[in-house]
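Here the structure comes first, spelled out in C-alpha cells, and everything after it is commentary.
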Amino acid sequence: MTPTLVDPESVLAIDFGSVNTRAMLFDVVEGEYNFIAAGLAPCTMGAPYFDALESFHLALTHLKRITGRTLLDDEESLILPGRDDGTGIDRLVVTFSAGEELKIVVTGLLADVSLESVQRAASAVYGRVVDSLSLADRRRSEVQLDALLQARPDLILMAGGTDGGASRSIMRLADLVALTCRLLPRETRPEIIFAGNQTIANKIKDGLGKWTTVHLAPNLRPTIDLEDPSPAQNVLSQVAAEIRSRRTHGLEGLSSLASAPTLPTAAAFGRMVRFLGQLFDRSKGVLGVDVGASWTTVAAATEKTYALNLSPLGSGAGAAEVLVQSTLADITRWLPIHMSAEEVRDRIFQKSLHPASLPESAEDLLIEQAVARQIMRLSMAQTQARWPNLGYSFEPMLVSGAAVTHTPTPQQSLMMILDGLQPIGLTTIILDQNGLTPALGAIASFNSILPVQVFESGAFLSLATVICPVSSAREGTPILHARLQYENGEEDVFEVLKGSLLSLPLRLGVTGKLYLQALRGTTIDPRLRPAGGFKITGGICGAVIDARGRPLNLPVEDARRRELLKKWALALGG
Amino acid sequence: MLAPVTHMLALTHIRRRRLLPFPGQVMVRLGQSVKPADVIAQVARPGSHLIVDVRRMLRLPPSVKMDQVLQVHQGDKVEKDMPLGEYEGMFTRIARAPEDGTVVMIQGGRVVLETAPEILHVFAEMSGEVTEIIPERGAWVETDGALLQGVWGNDHTISALLMTRMSSPDETLDVNRLDVSMRGGILAVGHCSNADVLRIATEIPLRGLILGSMTADLVPVAEKLTMPILVLEGFGKIPVNPLAYKILTSSDQREISLLAHRWTPYAANRPEVVIPLNAAAEYPNDTAQFRPGQMVRVNTGKNAGRCGKLSQIRPGVRVFPSGLTAQAADLQMEDGTEICLPVANLDVLE
C-alpha cells in the first residue's frame with residue numbers, strides 16, 4: 001500500500017527523443033496517481049526546424065486531442081500551475097535523448113583504476129569518449145596536446161587520486177588541459193568536470209577556471225578500493241543537460257519552467273531503476289533496458305552496485321552501428337526465414353536513414369526484431385564488461401523501447417527479451433509499453449508517491465514470470481520436474497527437457513505455487529534455493545520456463561536453426 | 001501531421017549558409033557573385049605544436065626568472081635553430097627552436113610553438129550571390145536552379161560537368177561502362193553494387209558520382225574515397241525517383257555542384273545536388289503537413305524509392321502485413337496501382 005496523497009498535483013513530462021517528442025500526462029484519479037495519456041509529435045530539434053518548442057506544441061496539441069484537456073493558453077504558453085477549471089498542469093519535467101552526441105575526453109592516473117572508473121562514469125551520457133589521458137599514455141605532451149585540439153571535446157571529465165593521495169600527476173594532466181583550453185577559441189573550449197582527489201579540487205578549479213567553466217564533483221574513487229560513480233554521474237548528467245539546453249532553441253526556456261533539473265533520458269531512466277531497486281528485494285537487483293532509436297540504455301541496481309551504461313546502438317539511426325560492432329551473421333542467426341545477408345544489410349542501413357519508419361512486411365519486422373535482439377546482447381555484454389559482478393539474475397527486469405514493446409503480439413516481445421538479455425534464474429519481465437520509466441525517474445526527485453503508484457497501475461505490462469535454469473546436461477534430457485499448483489487446488493505436472501521452452505498456463509495476475517525439482521545438477525537460480533515451492537504470478541504471456549541453456553547456443557546449420565526458432569516461437573504461442 | 005520533406009525540384013530558389021565553426025575572417029562582400037570554389041570565410045585553427053621546455057633545456061635553477069632568459073614573445077615567428085632562450089653562466093647555454101613556427105604561448109619556462117598552422121576555409125560550394133554577411137563567421141549564398149536532395153553522402157563536395165548515363169532509373173553501373181571520356185565529370189547513374197566500380201571511377205578520374213542507390217557493403221569503400229559520392233534514394237537496388245531522373249537526364253553537360261555532405265538530423269547541410277539556372281524562382285517549402293494530392297516517396301521496405309500521389313490519410317489505424325498497427329496512407333502510384341502504407345514510411349517530394 002502506498003502513502004495517501006497530501007497535496008495531489010498533475011504532472012506533465014516531456015521527453016525529447018531522437019525520433020519523437022512525447023508529452024506524458026499524470027494526474028490523480030480516484031485518489032491515486034495514474035498515467036492519463038501521451039501526445040506524440042515528430043522531433044523538431046534537428047533540420048529543418050532546429051527548435052524543440054515546435055514539437056513540444058505539437059505533442060501537447062495531440063495530448064489535448066486525446067484527453068480534451070487544455071494545457072496551452074491563448075498565447076500558446078504552458079498553463080502552469082493548473083487552474084481551478086482543470087486547465088494546465090501543476091508540475092513539469094523535461095528529459096531528452098535527442099541532439100548531437102557530446103565529445104568527451106577522460107583523464108585518470110592508472111589505466112586500470114581511475115581511468116577505468118572515469119570511463120564507466122562517462123558511459124552515463126549521450127556522448128562518445130574521443131580520447132583518454134593517463135600515466136600509461138606514452139605519447140609526447142605535444143602529441144597529446146594536438147590530439148586534444150583535434151578532438152575538440154565538449155567536455156573533459158577528469159579523475160584520479162584518492163582523497164589526500166596523488167596530486168602532482170593530476171596537476172600535470174591539468175596543465176595539459178589548461179594549455180588545450182588556452183589554444184582553443186573561447187567559444188569552442190570544453191567544460192571541465194573534476195571528480196578526482198578532493199584535496200586539490202579547488203586548486204584545479206582556480207587553475208582551469210581562468211580558461212573555461214569548471215564543475216567539481218565528488219571523487220569517483222575516494223579510496224583505492226571504493227568506487228562511487230553516482231555523484232559524479234549526476235554532475236555529468238547535469239552538465240550534459242546544460243550544454244544541450246544552450247545549444248537547442250527552446251529547451252532552455254522550457255527547462256526553466258520545470259520542477260526538477262532537465263535530465264538526459266538515460267539518467268532519468270537509471271534513476272527510476274535505482275528507485276525500483278529500493279522498492280523490490282534489494283538482494284535480487286533490478287535491471288532496466290531501453291532500446292531506443294539511436295541509443296540503448298542498460299541500468300542495473302543491486303545491493304552493492306549501480307550500473308548505467310549507454311551504447312550508441314539503436315533500432316533506428318543506431319542500427320548501422322550495430323553492424324559496426326557485430327557481424328551480419330550475429331543478426332541473421334535470429335531470422336527464422338531465409339534472407340540473403342546482403343539484403344538484410346541493405347535494409348538495416350536503409351532503416352538507419354529513416355529511423356521513424358515502421359516494418360510494413362513480415363520480413364522487415366523479423367529483421368527489426370533480429371537487430372533488437374543483437375542490440376540487447378551487445379549492450380548487456382558491454383555492461384557486464386564494465387561491471388563484471390553484475391550477473392544475469394535480476395528481479396524484475398524492465399524493458400522499454402518501441403522495437404521491443406510495439407510488436408504484433410506480447411509473445412514476440414517476450415521472445416526478443418529472452419533471446420537478447422538471456423536472464424538466469426527466476427525473474428519477472430515487465431514491459432514499459434508507454435515509455436514512462438524516464439518520466440517517473442525525473443518526477444521521483446520531487447514526488448516519490450507518483451512513480452510508485454503509476455508503476456503499480458496498469459500502465460506497465462507484466463509479460464511473464466520466467467524461470468531460466470542453467471544446466472550442463474545434454475539436449476533433450478530432463479533437467480527439471482515442475483509441479484504448478486493453481487489457486488483452486490488443481491495441479492499440472494511438467495517434465496522440462498534441456499533445450500526446451502515451456503509455457504505454463506497461468507493467466508495475467510493469477511497466482512500459483514510452483515514446485516521445482518532440479519535434476520542432473522541443474523541450477524534453478526544462483527541466488528536462491530527454492531524449497532517447498534514458491535509463488536509465481538502470471539503475466540500476459542503466463543509463466544515460462546526457458547531451459548534452452550545459457551549462453552543460448554543456436555545450431556550452426558541454417559535450416560535446423562530456423563526450424564528451432566520457429567518451434568520456440570510456437571512454444572510461447574506465436 | 002508533420003511530414004519530412006525532400007526536395008526534387010527542377011527550379012527553385014536556393015539559400016544556403018556557409019559558416020565557420022568559430023569566429024574568423026569573412027572574405028566576401030554583400031552582393032558579390034561567387035563560384036563554388038570561392039572562399040567565403042577563413043580562420044587559422046590550431047595545427048601541430050611543439051612544447052619546448054626552455055627552463056629544463058638550460059638546466060636553470062628556480063631562482064632564475066624566465067623573462068631574463070627568453071628571447072621570444074608570444075606571436076613571434078621563429079625559424080629552426082633560432083634561440084628561444086639564452087643563459088649566460090660560466091658557459092653560455094642556448095635553447096633553440098627545433099623547427100620553424102610561431103610562438104603561440106609562453107607558460108612558465110615552456111614555449112609552445114605552432115609549427116604547422118592550418119587555415120580552415122569555408123567555400124561557397126555553389127555558384128550564386130552573397131545576400132547576407134554574418135560578421136566574423138560567414139555568409140548566406142543564394143542561387144536559382146534545380147535542387148535534388150539525397151539521403152547519404154561521403155562528406156566531400158565538388159563542382160563539375162554532369163554526365164548522365166542512364167537509360168533507365170535502375171540501370172546498374174558496371175566496370176565496362178566507365179571510360180576516359182568521363183574524365184573530370186560527375187557521373188549520374190541508377191545503381192552501383194561493385195566496389196571495383198568505385199575504385200576505377202577514382203582512377204579515371206571522375207570528379208564525382210551521383211547514384212540512385214548502392215548496396216550497403218560499399219559504404220566503407222565510399223567513405224575512404226575523396227571523390228564525392230551522393231546517394232539519392234538509399235541502400236539496396238532502388239531506382240532513381242522519377243522527378244530526379246527527369247531532372248538529371250535533362251541536365252546532361254551542365255555545370256553542377258555535388259554537395260555529398262554527411263547527413264545527420266542535427267546538421268544543417270543535407271547531401272544535395274545544385275544545378276544553377278538562369279531563371280528566377282521561389283523559395284521551396286522546407287516543412288509540410290501530409291495532405292492529399294502531394295507527391296510522396298516510400299522510404300523503406302520492398303516499395304522503397306517508389307513514388308506516388310497521396311490519396312488520403314486513413315482515419316484511425318490499420319494492421320499491416322507485419323502485424324503492426326499504424327496510421328496508414330493510401331497512395332496512387334505512377335504505374336496506376338494503389339497501395340496502402342504506414343504514414344511513417346513516407347516523405348513528401350517537392
Side-chain angles (χ1 to χ4, degrees), chain A residues 18 41-50 54-55 58 98-100 140-143 145-146 149-150 152 175 178-180 182-188 317 320 323 342-343 345-366 368 406-409 412, chain B residues 1-5 21-24 43 45-51 53 104-105 107-108 110 112-114 151-152 193 213 215-217 219 234-238 263-270 286-287 298-304 319-326 341-342 344-347:
Chain A
S18 60
C43 174
T44 57
M45 275 168 65
Y49 305 92
F50 297 108
E54 188 79 29
S55 59
L58 288 169
E100 273 183 299
R140 294 196 322 273
S141 296
E142 45 262 53
V143 177
L145 174 67
D146 288 342
L149 291 170
Q150 206 69 44
R152 297 256 303 277
D175 218 22
L179 203 56
T180 307
R182 286 180 69 179
L183 288 172
L184 283 170
R186 183 164 286 280
E187 301 78 0
T188 62
L323 282 175
E342 293 71 27
E343 191 177 348
R345 177 167 44 210
D346 287 343
R347 292 209 200 180
I348 292 172
F349 267 84
Q350 190 68 6
K351 169 80 183 185
S352 73
L353 295 173
H354 303 283
S357 64
L358 295 171
E360 180 218 348
S361 67
E363 291 82 8
D364 285 329
L365 183 71
L366 289 171
E368 183 154 316
H406 292 186
T407 54
T409 66
Q412 289 183 16
Chain B
M1 187 183 174
L2 226 50
V5 174
F22 41 84
V43 67
R45 68 173 172 189
S48 300
H49 293 84
L50 283 173
I51 302 172
D53 195 335
V104 288
M105 195 187 300
Q107 189 185 39
R110 296 182 304 175
V112 183
L113 290 180
E114 188 169 67
V151 294
W152 188 87
S193 57
S213 59
T215 49
D217 58 318
V219 168
F235 300 105
K237 178 132 194 189
I238 309 173
W263 188 30
T264 75
Y266 311 107
N269 296 327
R270 246 187 108 151
D286 287 330
T287 62
V298 184
N299 52 39
T300 52
K302 62 178 189 290
N303 288 302
V319 180
F320 287 93
S322 63
L324 286 179
T325 317
L341 291 171
N345 295 4
L346 305 176
D347 57 352

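Naming convention: chains lettered A, B, ... in sequence-line order (proteins, then strands); numbering from 1 in each chain. Everything numeric in this text was worked out from a predicted model, so none of it was measured.
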Task: Heavy-atom proximity to chain B below 4.5 Å, by part of A/Ser18 - done: both

Open item on the list: Taking side-chain hydrogen bond (donor to acceptor under 3.5 Å, both in side chains) as the definition, give me every residue that meets it alongside A/Gln412, ordered by chain and number, with sequence neighbours left out.
Closed with: A/Gln369

- [ ] Examine whether an atom of A/Pro359 lies under 4.5 Å from a heavy atom of chain B, and if so say whether it belongs to the side chain, the backbone or both; otherwise answer neither.
- [x] both

Open item on the list: Please identify, among B/Ile238, B/Leu324, B/Asp286, B/Leu341, the residue contributing the most non-hydrogen atom pairs under 4.5 Å to chain A.
Closed with: B/Leu324

Open item on the list: Let's test your reading of the structure: which of B/Val104, B/Thr287, B/Thr325 forms the most heavy-atom pairs below 4.5 Å with chain A?
Closed with: B/Thr287

Open item on the list: Can you confirm whether A/Arg182 sits close enough to B/Val112 that some side-chain heavy atom of one is under 4.5 Å from a side-chain heavy atom of the other?
Closed with: no

TODO: Could you check if a side-chain atom of B/Gln107 sits within less than 4.5 angstrom of a side-chain atom of A/Asp175, using non-hydrogen atoms only?
DONE: yes

Task: Heavy-atom pairs under 4.5 Å with chain A, option from B/Gly301, B/Gly108, B/Ser48, B/Ala268 with the top count - done: B/Ser48

Open item on the list: Under 4.5 Å from any heavy atom of chain B, what part of A/Leu323 do you find: side chain, backbone, both or neither?
Closed with: neither

TODO: Please tell me if the side chains of B/Asp217 and A/Arg345 come closer than 4.5 Å, counting only heavy atoms from C-beta onward.
DONE: yes

- [ ] Answer with side chain, backbone, both or neither: which region of A/Arg152 has an atom nearer than 4.5 Å to a non-hydrogen atom of chain B?
- [x] side chain

- [ ] Of all the heavy-atom pairs spanning B/Ser322 and A/Pro408, show the shortest one and how long it is.
- [x] O-CG, 3.3 Å

- [ ] With a 4.5 angstrom heavy-atom cut-off, could you sort out which part of A/Glu187 is near chain B: side chain, backbone, both or neither?
- [x] side chain

Open item on the list: Quick one, B/His49 and A/Leu179 - any side-chain contact, counting heavy atoms below 4.5 Å?
Closed with: no

- [ ] Nearest 0.5 Å please: distance from the CZ atom of B/Phe320 over to the CG atom of A/Leu365.
- [x] 13.0 Å

- [ ] Verify side chain to side chain contact (heavy atoms under 4.5 Å, CB included) between B/Val151 and A/His354, making sure each step is shown before the conclusion.
- [x] CA-CA 9 Å; B/Val151 294; A/His354 303 283; 4.2 Å; yes

- [ ] Sequence neighbours left out, what passes ring-ring contact (aromatic ring centres under 6.0 Å, His included) with A/Phe349? Give chain and number order.
- [x] B/Phe235

TODO: Sort out for me which of A/Thr44, A/Leu58, A/Leu366, A/Leu149 touches chain B most, counting heavy-atom pairs under 4.5 Å.
DONE: A/Leu149

Task: Minimal non-hydrogen separation, B/Ala267 against A/Phe50, with atom names - done: O-CZ, 3.9 Å

- [ ] Give, as side chain, backbone, both or neither, the part of B/Val319 having an atom under 4.5 angstrom from any heavy atom of chain A.
- [x] neither

- [ ] Answer with side chain, backbone, both or neither: which region of A/Thr188 has an atom nearer than 4.5 Å to a non-hydrogen atom of chain B?
- [x] side chain

Open item on the list: For A/Leu358, is there any backbone N or O sitting under 3.5 Å from a side-chain donor or acceptor partner on B/Asn345?
Closed with: yes

Task: From B/Glu114 atom CD to A/Asp146 atom CG, the distance as rounded to the nearest 0.5 Å - done: 8.5 Å

Open item on the list: Between B/Asn303 and chain A, with a heavy-atom cut-off of 4.5 Å, which part of the residue counts as in contact: side chain, backbone, both or neither?
Closed with: side chain

Task: Approximate separation, where rounding is to 0.5 Å, of A/Glu142 CD and B/Arg110 CZ - done: 10.0 Å

- [ ] For each of A/Ser141, A/Gly99, A/Cys43, A/Pro355, tally heavy-atom pairs with chain B at distances under 4.5 Å, and name the one with the top tally.
- [x] A/Gly99

TODO: Select one option (side chain, backbone, both, neither) describing which atoms of A/Leu353 are under 4.5 Å from chain B's heavy atoms.
DONE: both

Open item on the list: For the interface with chain B, which of A/Ala320, A/Ala98, A/Ala178, A/Ala317 has the highest count of heavy-atom pairs at distances below 4.5 Å?
Closed with: A/Ala98

- [ ] Spell out, as yes or no, whether a donor-acceptor pair under 3.5 Å connects the side chain of A/Gln350 to the backbone of B/Asn299.
- [x] yes

Task: Whether A/Asp346 side chain and B/Thr215 backbone form a donor-acceptor pair below 3.5 Å - done: no

Task: Min side-chain heavy-atom separation A/Asp364-B/Thr300 under 4.5 Å - done: no

